[in-house]
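Worksheet: one structure, shown below.
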Amino acid sequence: MERYWNQEIETMSREDMKKLQDERLAAQVKHVYENVEYYRNLMDEKGVKPEDVKSTEDLHKLPFLSKADLRDAYPYGLLAKPLSECVRIQSTSGTTGRRVVAFYTQHDIDLWEDCCARAITAAGGTNEDVCQVCYGYGLFTGGPGLNGGSHKVGCLTLPMSSGNTERQIQFMRDLGSTILCCTPSYAAYIGETLHDMGYTPDDIKLKAGIFGAEPWTEEMRRSIENSLGIKAYDIYGLTETSGPGVSFECSEQTGMHINEDHFIPEIINPDTGEVLPEGEVGELVFTSITKEAFPLLRYRTRDLCVLSRKKCSCGRTLIKMSKPMGRSDDMLIIRGVNVFPSQIETVLIEQGYTPNYLIEVDRVNNSDTLDISVEMNPEQLSDKVKDMQDKERQLAGAIKTMLGISPKVHLVSPKSIARSEGKAVRVIDKRKLHD
Ligand code: DLL
(Lines give C-alpha, C1' and ligand atoms only; values in the text may rest on other atoms or scores of the structure.)
Protein backbone atom coordinates (compact mmCIF):
# COMPACT_ATOMS: atom_id res chain seq x y z
CA MET A 1 0.00 0.00 0.00
CA GLU A 2 1.41 3.34 -1.05
CA ARG A 3 1.68 5.88 1.77
CA TYR A 4 1.50 9.63 1.34
CA TRP A 5 2.80 12.43 3.49
CA ASN A 6 0.04 14.79 2.32
CA GLN A 7 -2.57 12.69 0.60
CA GLU A 8 -4.87 15.60 -0.21
CA ILE A 9 -2.19 17.45 -2.18
CA GLU A 10 -0.39 14.43 -3.62
CA THR A 11 -3.57 12.92 -5.07
CA MET A 12 -5.45 16.15 -5.84
CA SER A 13 -7.43 16.32 -9.08
CA ARG A 14 -5.77 18.22 -11.91
CA GLU A 15 -8.55 20.78 -11.81
CA ASP A 16 -8.13 21.56 -8.12
CA MET A 17 -4.35 21.66 -8.41
CA LYS A 18 -4.58 24.12 -11.29
CA LYS A 19 -6.90 26.35 -9.24
CA LEU A 20 -4.45 26.28 -6.34
CA GLN A 21 -1.54 27.06 -8.66
CA ASP A 22 -3.41 29.94 -10.32
CA GLU A 23 -4.19 31.57 -6.98
CA ARG A 24 -0.70 31.12 -5.63
CA LEU A 25 0.95 32.27 -8.86
CA ALA A 26 -1.01 35.52 -9.04
CA ALA A 27 -0.20 36.30 -5.40
CA GLN A 28 3.47 35.40 -5.86
CA VAL A 29 3.93 37.60 -8.92
CA LYS A 30 2.49 40.53 -6.99
CA HIS A 31 4.77 39.79 -4.00
CA VAL A 32 7.84 39.66 -6.23
CA TYR A 33 6.91 42.76 -8.24
CA GLU A 34 6.41 44.77 -5.10
CA ASN A 35 9.51 43.58 -3.27
CA VAL A 36 12.22 42.67 -5.78
CA GLU A 37 13.45 45.65 -7.76
CA TYR A 38 15.62 43.46 -9.98
CA TYR A 39 12.69 41.37 -11.22
CA ARG A 40 10.35 44.39 -11.35
CA ASN A 41 12.77 45.96 -13.83
CA LEU A 42 12.75 42.79 -15.96
CA MET A 43 8.94 42.78 -15.95
CA ASP A 44 8.78 46.47 -16.79
CA GLU A 45 11.20 45.94 -19.68
CA LYS A 46 8.85 43.27 -21.02
CA GLY A 47 5.80 45.45 -20.37
CA VAL A 48 4.18 42.96 -17.99
CA LYS A 49 2.28 44.05 -14.89
CA PRO A 50 1.27 41.75 -12.01
CA GLU A 51 -2.41 42.05 -13.08
CA ASP A 52 -1.48 40.42 -16.42
CA VAL A 53 -0.65 37.13 -14.69
CA LYS A 54 -3.87 35.58 -13.42
CA SER A 55 -3.27 31.90 -14.15
CA THR A 56 -0.68 29.38 -15.33
CA GLU A 57 -1.68 30.15 -18.94
CA ASP A 58 -0.15 33.61 -18.40
CA LEU A 59 3.17 32.23 -17.17
CA HIS A 60 4.77 32.64 -20.57
CA LYS A 61 4.37 36.44 -20.30
CA LEU A 62 6.92 36.58 -17.47
CA PRO A 63 10.65 37.05 -18.10
CA PHE A 64 13.05 34.18 -17.42
CA LEU A 65 15.66 34.27 -14.69
CA SER A 66 19.01 32.59 -15.27
CA LYS A 67 22.26 31.88 -13.46
CA ALA A 68 23.60 35.13 -14.94
CA ASP A 69 20.82 37.06 -13.17
CA LEU A 70 21.71 35.37 -9.91
CA ARG A 71 25.32 36.46 -10.38
CA ASP A 72 24.27 40.02 -11.22
CA ALA A 73 21.97 40.25 -8.23
CA TYR A 74 24.36 38.55 -5.77
CA PRO A 75 23.94 38.53 -2.81
CA TYR A 76 20.75 40.39 -1.87
CA GLY A 77 19.29 41.53 -5.20
CA LEU A 78 16.58 38.86 -5.43
CA LEU A 79 15.59 38.91 -1.79
CA ALA A 80 11.84 39.45 -1.35
CA LYS A 81 11.67 39.73 2.46
CA PRO A 82 13.60 41.90 4.91
CA LEU A 83 16.71 40.15 6.24
CA SER A 84 15.21 40.41 9.72
CA GLU A 85 12.58 37.87 8.64
CA CYS A 86 15.14 35.45 7.19
CA VAL A 87 16.47 32.72 9.44
CA ARG A 88 18.87 30.74 7.22
CA ILE A 89 21.02 30.77 4.12
CA GLN A 90 22.21 27.78 2.13
CA SER A 91 24.62 27.94 -0.77
CA THR A 92 26.32 26.02 -3.55
CA SER A 93 30.03 25.42 -3.39
CA GLY A 94 30.65 27.73 -6.32
CA THR A 95 33.37 25.45 -7.69
CA THR A 96 31.97 25.72 -11.20
CA GLY A 97 32.05 29.49 -11.00
CA ARG A 98 28.46 29.86 -9.86
CA ARG A 99 27.81 30.66 -6.25
CA VAL A 100 24.15 30.70 -5.40
CA VAL A 101 23.07 32.00 -2.02
CA ALA A 102 19.46 31.17 -1.15
CA PHE A 103 17.57 32.78 1.75
CA TYR A 104 14.82 31.21 3.86
CA THR A 105 12.18 32.47 6.25
CA GLN A 106 10.94 29.98 8.85
CA HIS A 107 7.91 29.42 6.60
CA ASP A 108 10.25 28.56 3.69
CA ILE A 109 12.15 26.04 5.82
CA ASP A 110 8.86 24.41 6.87
CA LEU A 111 7.70 24.04 3.27
CA TRP A 112 11.07 22.70 2.17
CA GLU A 113 11.20 20.10 4.94
CA ASP A 114 7.64 19.13 4.09
CA CYS A 115 8.69 18.42 0.50
CA CYS A 116 11.51 16.20 1.80
CA ALA A 117 9.06 14.45 4.14
CA ARG A 118 6.95 13.57 1.09
CA ALA A 119 10.02 12.01 -0.53
CA ILE A 120 10.92 9.97 2.55
CA THR A 121 7.32 8.76 2.91
CA ALA A 122 7.20 7.79 -0.78
CA ALA A 123 10.31 5.68 -0.18
CA GLY A 124 8.42 3.85 2.58
CA GLY A 125 9.70 5.89 5.54
CA THR A 126 7.67 6.13 8.76
CA ASN A 127 8.38 6.95 12.42
CA GLU A 128 9.57 3.34 12.78
CA ASP A 129 12.58 4.03 10.53
CA VAL A 130 16.18 4.93 11.23
CA CYS A 131 17.27 7.42 8.59
CA GLN A 132 21.01 7.86 8.03
CA VAL A 133 21.69 11.15 6.27
CA CYS A 134 25.12 11.15 4.60
CA TYR A 135 24.64 14.15 2.33
CA GLY A 136 26.98 16.97 3.29
CA TYR A 137 25.75 19.24 6.07
CA GLY A 138 26.61 22.92 6.15
CA LEU A 139 26.00 25.26 3.25
CA PHE A 140 25.02 22.38 0.92
CA THR A 141 21.27 21.81 0.97
CA GLY A 142 21.39 17.99 0.91
CA GLY A 143 22.08 17.31 4.61
CA PRO A 144 19.85 20.00 6.15
CA GLY A 145 16.95 19.28 3.74
CA LEU A 146 16.74 15.52 4.25
CA ASN A 147 17.50 15.96 7.95
CA GLY A 148 14.48 18.25 8.32
CA GLY A 149 12.25 15.92 6.31
CA SER A 150 13.37 12.94 8.36
CA HIS A 151 12.49 14.77 11.62
CA LYS A 152 9.05 15.64 10.26
CA VAL A 153 8.34 12.01 9.38
CA GLY A 154 9.51 11.09 12.87
CA CYS A 155 12.36 8.81 11.81
CA LEU A 156 15.24 8.40 14.20
CA THR A 157 17.63 10.67 12.32
CA LEU A 158 21.39 10.03 12.09
CA PRO A 159 22.97 13.33 10.94
CA MET A 160 26.19 11.69 9.71
CA SER A 161 27.20 14.03 6.87
CA SER A 162 29.55 12.48 4.32
CA GLY A 163 32.94 10.83 4.79
CA ASN A 164 34.53 8.31 7.13
CA THR A 165 32.86 5.46 5.31
CA GLU A 166 33.82 2.63 7.63
CA ARG A 167 32.31 4.54 10.54
CA GLN A 168 29.15 5.08 8.48
CA ILE A 169 28.86 1.31 8.10
CA GLN A 170 29.54 0.71 11.78
CA PHE A 171 26.70 3.09 12.74
CA MET A 172 24.49 1.56 10.08
CA ARG A 173 24.98 -1.86 11.69
CA ASP A 174 24.93 -0.74 15.33
CA LEU A 175 21.81 1.41 15.06
CA GLY A 176 20.02 -0.61 12.40
CA SER A 177 19.62 2.14 9.79
CA THR A 178 16.78 1.38 7.39
CA ILE A 179 16.97 4.40 5.07
CA LEU A 180 20.12 5.88 3.55
CA CYS A 181 20.23 9.38 2.09
CA CYS A 182 23.32 10.42 0.06
CA THR A 183 24.55 10.99 -3.48
CA PRO A 184 24.36 7.90 -5.72
CA SER A 185 28.13 7.93 -6.16
CA TYR A 186 28.59 7.86 -2.39
CA ALA A 187 26.00 5.08 -2.08
CA ALA A 188 28.04 3.04 -4.59
CA TYR A 189 31.15 3.67 -2.49
CA ILE A 190 29.37 2.68 0.73
CA GLY A 191 28.23 -0.55 -1.01
CA GLU A 192 31.77 -1.29 -2.10
CA THR A 193 33.18 -0.60 1.38
CA LEU A 194 30.52 -2.83 2.97
CA HIS A 195 31.72 -5.73 0.85
CA ASP A 196 35.40 -4.88 1.48
CA MET A 197 34.70 -5.06 5.21
CA GLY A 198 33.47 -8.59 4.69
CA TYR A 199 29.74 -7.87 5.06
CA THR A 200 26.82 -8.62 2.78
CA PRO A 201 23.44 -6.85 2.55
CA ASP A 202 22.16 -9.46 5.03
CA ASP A 203 24.36 -7.88 7.70
CA ILE A 204 22.53 -4.54 7.53
CA LYS A 205 18.89 -3.51 7.83
CA LEU A 206 18.73 -0.94 5.03
CA LYS A 207 15.60 -1.18 2.90
CA ALA A 208 15.61 2.06 0.90
CA GLY A 209 17.95 4.77 -0.34
CA ILE A 210 17.08 8.33 -1.34
CA PHE A 211 19.73 9.40 -3.78
CA GLY A 212 20.14 12.57 -5.80
CA ALA A 213 22.14 15.79 -6.32
CA GLU A 214 23.87 14.40 -9.42
CA PRO A 215 22.90 12.49 -12.56
CA TRP A 216 22.81 8.70 -12.29
CA THR A 217 21.69 6.03 -14.70
CA GLU A 218 19.26 3.11 -14.38
CA GLU A 219 22.29 0.81 -14.58
CA MET A 220 23.83 2.60 -11.61
CA ARG A 221 20.54 2.22 -9.76
CA ARG A 222 20.54 -1.55 -10.24
CA SER A 223 24.18 -1.81 -9.22
CA ILE A 224 23.54 0.10 -5.95
CA GLU A 225 20.34 -1.83 -5.26
CA ASN A 226 22.25 -5.09 -5.53
CA SER A 227 25.26 -4.07 -3.50
CA LEU A 228 23.17 -2.71 -0.58
CA GLY A 229 20.09 -4.92 -0.91
CA ILE A 230 17.70 -1.97 -1.10
CA LYS A 231 15.24 -0.16 -3.35
CA ALA A 232 16.87 3.06 -4.57
CA TYR A 233 14.72 6.18 -5.04
CA ASP A 234 15.69 9.31 -6.92
CA ILE A 235 15.28 12.81 -5.48
CA TYR A 236 15.85 16.09 -7.28
CA GLY A 237 16.22 19.72 -6.39
CA LEU A 238 18.52 22.68 -6.55
CA THR A 239 19.68 25.36 -4.15
CA GLU A 240 17.79 28.02 -6.11
CA THR A 241 14.46 26.30 -5.39
CA SER A 242 15.26 25.46 -1.70
CA GLY A 243 17.22 22.25 -2.22
CA PRO A 244 16.24 18.57 -2.43
CA GLY A 245 12.54 17.75 -2.60
CA VAL A 246 11.39 19.69 -5.65
CA SER A 247 10.56 16.23 -6.98
CA PHE A 248 10.85 12.67 -5.73
CA GLU A 249 10.33 9.11 -6.85
CA CYS A 250 7.54 6.78 -5.77
CA SER A 251 7.40 2.97 -5.84
CA GLU A 252 6.83 2.93 -9.61
CA GLN A 253 10.34 4.37 -10.21
CA THR A 254 9.50 5.85 -13.58
CA GLY A 255 10.31 9.48 -12.98
CA MET A 256 9.96 11.95 -10.12
CA HIS A 257 6.71 13.57 -9.00
CA ILE A 258 7.09 17.35 -8.86
CA ASN A 259 5.62 19.10 -5.82
CA GLU A 260 3.39 21.18 -8.05
CA ASP A 261 1.68 22.96 -5.19
CA HIS A 262 5.03 24.72 -4.64
CA PHE A 263 6.79 24.62 -8.01
CA ILE A 264 5.26 25.05 -11.47
CA PRO A 265 7.42 23.33 -14.10
CA GLU A 266 7.80 24.23 -17.77
CA ILE A 267 9.99 22.69 -20.47
CA ILE A 268 11.53 25.10 -22.95
CA ASN A 269 13.74 24.96 -25.99
CA PRO A 270 17.06 26.08 -24.46
CA ASP A 271 18.07 27.96 -27.60
CA THR A 272 14.86 29.89 -28.32
CA GLY A 273 13.07 29.97 -24.96
CA GLU A 274 9.93 28.62 -26.64
CA VAL A 275 7.69 26.56 -24.32
CA LEU A 276 7.54 22.93 -25.49
CA PRO A 277 4.59 20.57 -25.21
CA GLU A 278 4.52 17.71 -22.68
CA GLY A 279 6.66 14.79 -23.79
CA GLU A 280 9.39 16.82 -25.51
CA VAL A 281 12.93 17.03 -24.16
CA GLY A 282 14.05 20.48 -23.15
CA GLU A 283 15.31 22.67 -20.35
CA LEU A 284 13.39 22.55 -17.11
CA VAL A 285 12.13 25.91 -15.80
CA PHE A 286 10.60 26.39 -12.34
CA THR A 287 8.40 29.05 -10.83
CA SER A 288 8.19 28.83 -7.07
CA ILE A 289 4.74 29.91 -5.92
CA THR A 290 5.02 29.59 -2.15
CA LYS A 291 8.51 30.69 -1.17
CA GLU A 292 8.69 34.01 0.65
CA ALA A 293 12.34 35.04 0.88
CA PHE A 294 13.85 33.83 -2.40
CA PRO A 295 10.96 33.24 -4.80
CA LEU A 296 12.42 32.75 -8.26
CA LEU A 297 9.98 33.09 -11.16
CA ARG A 298 10.62 31.16 -14.38
CA TYR A 299 14.08 30.07 -13.28
CA ARG A 300 16.07 28.24 -15.95
CA THR A 301 17.67 25.21 -14.33
CA ARG A 302 19.83 24.11 -17.30
CA ASP A 303 18.66 20.54 -16.56
CA LEU A 304 17.35 18.68 -19.58
CA CYS A 305 14.37 16.38 -19.12
CA VAL A 306 10.83 15.44 -20.16
CA LEU A 307 7.54 16.00 -18.28
CA SER A 308 4.74 13.45 -18.21
CA ARG A 309 1.18 13.41 -16.91
CA LYS A 310 0.77 9.69 -17.49
CA LYS A 311 -1.28 8.07 -14.73
CA CYS A 312 0.97 6.66 -12.01
CA SER A 313 0.30 3.38 -10.22
CA CYS A 314 1.17 4.99 -6.86
CA GLY A 315 -1.99 7.10 -7.04
CA ARG A 316 -0.18 10.43 -7.01
CA THR A 317 -1.50 12.91 -9.55
CA LEU A 318 1.55 15.19 -9.38
CA ILE A 319 3.22 15.60 -12.77
CA LYS A 320 6.42 13.59 -13.28
CA MET A 321 9.81 14.63 -14.64
CA SER A 322 12.23 12.13 -16.11
CA LYS A 323 15.67 11.70 -14.62
CA PRO A 324 17.61 14.74 -15.83
CA MET A 325 19.67 13.58 -18.79
CA GLY A 326 22.39 15.95 -17.75
CA ARG A 327 22.73 19.67 -17.62
CA SER A 328 22.89 21.61 -20.84
CA ASP A 329 26.21 22.94 -19.52
CA ASP A 330 27.49 19.39 -18.72
CA MET A 331 27.04 18.27 -22.27
CA LEU A 332 30.37 17.75 -23.98
CA ILE A 333 30.73 18.51 -27.65
CA ILE A 334 33.46 16.20 -28.91
CA ARG A 335 34.35 16.31 -32.58
CA GLY A 336 31.00 18.00 -33.12
CA VAL A 337 29.03 15.22 -31.42
CA ASN A 338 26.94 15.84 -28.28
CA VAL A 339 28.06 13.53 -25.50
CA PHE A 340 26.56 13.12 -22.03
CA PRO A 341 28.69 11.34 -19.41
CA SER A 342 25.58 9.30 -18.50
CA GLN A 343 25.66 7.62 -21.93
CA ILE A 344 29.18 6.38 -21.21
CA GLU A 345 28.17 5.21 -17.72
CA THR A 346 25.32 3.17 -19.20
CA VAL A 347 27.67 1.29 -21.51
CA LEU A 348 30.27 0.65 -18.79
CA ILE A 349 27.82 -0.92 -16.38
CA GLU A 350 26.05 -2.88 -19.15
CA GLN A 351 29.42 -4.33 -20.11
CA GLY A 352 30.07 -5.46 -16.53
CA TYR A 353 32.53 -2.74 -15.50
CA THR A 354 32.38 -0.67 -12.32
CA PRO A 355 30.74 2.76 -12.21
CA ASN A 356 34.17 4.19 -11.38
CA TYR A 357 35.46 6.05 -14.39
CA LEU A 358 37.05 9.28 -15.51
CA ILE A 359 36.46 10.99 -18.84
CA GLU A 360 39.24 13.24 -20.13
CA VAL A 361 38.76 15.42 -23.16
CA ASP A 362 41.57 17.36 -24.77
CA ARG A 363 42.47 18.99 -28.07
CA VAL A 364 45.60 17.80 -29.86
CA ASN A 365 46.56 19.21 -33.27
CA ASN A 366 43.14 20.87 -33.56
CA SER A 367 41.33 17.60 -33.05
CA ASP A 368 39.38 16.55 -29.96
CA THR A 369 40.55 13.49 -28.05
CA LEU A 370 38.40 11.39 -25.72
CA ASP A 371 40.13 9.19 -23.13
CA ILE A 372 38.12 7.09 -20.72
CA SER A 373 39.78 5.40 -17.75
CA VAL A 374 37.63 2.59 -16.42
CA GLU A 375 38.17 0.60 -13.29
CA MET A 376 37.95 -3.16 -13.55
CA ASN A 377 36.49 -5.57 -11.04
CA PRO A 378 39.20 -7.80 -9.52
CA GLU A 379 37.93 -10.77 -11.57
CA GLN A 380 38.40 -8.81 -14.81
CA LEU A 381 42.13 -8.39 -14.18
CA SER A 382 44.45 -10.38 -16.38
CA ASP A 383 48.23 -10.49 -16.58
CA LYS A 384 48.09 -11.20 -20.31
CA VAL A 385 48.65 -7.98 -22.26
CA LYS A 386 46.63 -9.27 -25.20
CA ASP A 387 43.60 -10.04 -23.01
CA MET A 388 43.63 -6.51 -21.68
CA GLN A 389 44.02 -5.01 -25.15
CA ASP A 390 41.10 -7.12 -26.42
CA LYS A 391 38.92 -5.97 -23.54
CA GLU A 392 39.82 -2.31 -24.16
CA ARG A 393 39.07 -2.66 -27.86
CA GLN A 394 35.76 -4.36 -27.18
CA LEU A 395 34.67 -1.66 -24.70
CA ALA A 396 35.79 1.15 -27.02
CA GLY A 397 33.66 -0.48 -29.75
CA ALA A 398 30.59 -0.59 -27.51
CA ILE A 399 31.06 3.08 -26.57
CA LYS A 400 31.52 4.00 -30.23
CA THR A 401 28.22 2.30 -31.04
CA MET A 402 26.51 4.42 -28.37
CA LEU A 403 28.17 7.77 -29.11
CA GLY A 404 29.18 7.57 -32.74
CA ILE A 405 32.75 8.57 -31.96
CA SER A 406 35.73 6.43 -30.94
CA PRO A 407 37.22 6.85 -27.49
CA LYS A 408 40.53 5.58 -26.21
CA VAL A 409 39.75 3.23 -23.33
CA HIS A 410 42.21 2.59 -20.51
CA LEU A 411 41.31 -0.25 -18.17
CA VAL A 412 42.83 0.50 -14.77
CA SER A 413 43.23 -1.62 -11.66
CA PRO A 414 40.55 -1.90 -8.98
CA LYS A 415 40.39 1.03 -6.50
CA SER A 416 42.67 3.28 -8.55
CA ILE A 417 40.09 5.98 -9.32
CA ALA A 418 39.29 8.40 -6.48
CA ARG A 419 35.92 7.75 -4.81
CA SER A 420 33.40 10.49 -4.18
CA GLU A 421 31.73 11.27 -0.88
CA GLY A 422 29.57 13.99 -2.42
CA LYS A 423 28.99 14.92 -6.03
CA ALA A 424 31.34 12.87 -8.22
CA VAL A 425 33.72 14.57 -10.67
CA ARG A 426 33.69 12.37 -13.75
CA VAL A 427 34.84 14.72 -16.47
CA ILE A 428 38.04 16.69 -16.97
CA ASP A 429 37.79 18.88 -20.02
CA LYS A 430 41.33 20.09 -20.61
CA ARG A 431 40.25 22.05 -23.69
CA LYS A 432 38.91 24.75 -21.37
CA LEU A 433 42.36 25.13 -19.84
CA HIS A 434 43.94 25.90 -23.22
CA ASP A 435 41.34 28.49 -24.32
O1 DLL B 1 22.12 19.14 -5.44
C2 DLL B 1 20.18 19.68 -4.14
C3 DLL B 1 19.99 18.23 -3.80
C4 DLL B 1 20.55 17.71 -2.65
C5 DLL B 1 19.21 17.43 -4.62
C6 DLL B 1 20.35 16.39 -2.33
C7 DLL B 1 18.98 16.10 -4.30
C8 DLL B 1 19.56 15.58 -3.15
P9 DLL B 1 22.69 22.01 -6.06
O10 DLL B 1 23.99 21.72 -5.41
O11 DLL B 1 22.29 23.44 -6.21
O12 DLL B 1 21.51 21.33 -5.26
O13 DLL B 1 22.70 21.31 -7.47
C14 DLL B 1 21.56 21.30 -8.28
O15 DLL B 1 22.20 19.17 -9.24
O16 DLL B 1 20.38 21.54 -11.19
C17 DLL B 1 20.94 19.15 -11.22
O18 DLL B 1 21.80 19.48 -12.28
C19 DLL B 1 21.70 18.30 -10.22
N20 DLL B 1 20.77 17.33 -9.60
C21 DLL B 1 20.13 17.43 -8.43
N22 DLL B 1 19.39 16.31 -8.20
C23 DLL B 1 19.56 15.50 -9.28
C24 DLL B 1 19.07 14.21 -9.66
C25 DLL B 1 21.36 19.99 -5.00
N26 DLL B 1 18.26 13.50 -8.89
C27 DLL B 1 21.83 20.53 -9.54
N28 DLL B 1 19.46 13.72 -10.86
C29 DLL B 1 20.60 20.39 -10.41
C30 DLL B 1 20.28 14.43 -11.67
C31 DLL B 1 20.44 16.17 -10.18
N32 DLL B 1 20.79 15.63 -11.36
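All values below were derived from every heavy atom in this structure, side-chain atoms included, with hydrogens, water molecules and symmetry-related copies excluded. Because the structure is a prediction, the values reported are computed rather than measured. Just so you know, ligand 1 is whichever comes first in the structure, and atom 1 is the first atom listed for that ligand.
Between I235 and ligand 1, a contact under 3.5 Å exists for at least one N or O pair. The N/O atoms of D303, backbone and side chain alike, include one that comes under 3.5 Å of an N/O atom in ligand 1. Distances between N or O atoms of F211 and those of ligand 1 include no value under 3.5 Å. An N or O contact shorter than 3.5 Å links T239 to ligand 1 by distance.
Distances from ligand 1 to the non-hydrogen atoms of E214 include at least one value under 4.0 Å.
Only side-chain heavy atoms of K423 come within less than 4.0 Å of ligand 1; its backbone N, CA, C and O stay farther off. If you look at P324 next to ligand 1, the close heavy atoms, those under 4.0 Å, all belong to the side chain. Counting heavy atoms under 4.0 Å from ligand 1, residue L238 touches it through both backbone and side chain.
Comment: D108 does not engage R88 in a salt bridge, judged by the lack of any side-chain N to carboxylate O separation of less than 4.0 angstrom. Using a 4.0 Å cut-off between charged nitrogen and carboxylate oxygen, E225 and K231 do not count as a salt-bridge pair.
Residue-ligand proximity, Y135 to ligand 1, at heavy-atom distances under 4.0 Å covers atoms 6 (C), 8 (C). Of all atoms in ligand 1, listed by their number and element, those nearer than 4.0 Å to a heavy atom of D234 are 24 (C), 26 (N). Those atoms of ligand 1 with a heavy atom of T92 less than 4.0 angstrom away are 11 (O).
Side-chain contact annotation: Y186 with E421, donor-acceptor N/O pair under 3.5 Å absent.
Both the sub-6.0 Å distance and the 45° axial angle are not jointly satisfied by R316 relative to the ring of Y4. The cationic atom of K323 (NZ for Lys, CZ for Arg) lies less than 6.0 Å from the six-membered ring centre of W216 and within 45° of the ring axis.
Within 6.0 Å of atom NZ in K46, more than 12 heavy atoms from other residues, nucleotides or ligands are found, so the atom counts as buried in its surroundings. Counting heavy-atom neighbours within 6.0 Å of R419 CZ, excluding the residue itself, gives a total above 12.
For atom 21 (C) of ligand 1, the choice among A213, G245, A119 with the nearest heavy atom turns out to be A213.
Here the side chains of H107 and W112 are not in contact, with every heavy-atom distance at 4.5 Å or above.
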